[in-house]
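Because the structure is a prediction, the values reported are computed rather than measured.
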Amino acid sequence: MPKSRIRKKADYTPPPAKQAQAIKLTSRGWVAPVMLAMFIIGLAWIVVFYVTDGSLPINALNNWNIVVGFGFIAAGFGVSTQWK
């Protein structure tokens, strides 16, 4: 009976290593100052409204001044989503 051929198994070669890509953590320079400015303006608006018993910043808005202040704060949070 003839001898069977011995198959040679290929040696294991690991897949080529992926080169690590440099992650650029560049941020837009305007985001942090605008975000903080919006927070401070909103907080100042609400504080001025309470300290002056509603006569300032805009007397015609009455209690809507609180909504305006929180609107500035919400806009600050909206700007913060642009941070990279």
With hydrophobic residues grouped by side-chain heavy-atom distances under 4.5 Å, do [X] and [Y] end up in a single group?
| X | Y | answer |
| --- | --- | --- |
| I66 | V51 | no |
| I41 | L56 | no |
| I58 | V67 | yes |
| L43 | V34 | no |

Hey, could you give me the CD1/CZ distance between I46 and F72, rounded to the nearest 0.5 Å?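 Spacing of CD1 (I46) from CZ (F72) equals 10.5 Å.
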
Residue pair [X] / [Y]: nearest heavy atoms and the distance that separates them:
| X | Y | value |
| --- | --- | --- |
| M35 | V79 | N-CG1, 4.1 Å |
| I73 | G42 | CG1-CA, 4.0 Å |
| F49 | N63 | CZ-OD1, 3.4 Å |
| M38 | G76 | CB-CA, 3.6 Å |

So Y50 and N65, do their side chains get closer than 4.5 Å, heavy atoms only?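 Not touching, per the 4.5 Å side-chain cut-off.
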
Tell me, do W45 and F70 make a side-chain contact under 4.5 Å, heavy atoms counted?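 Not in contact.
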
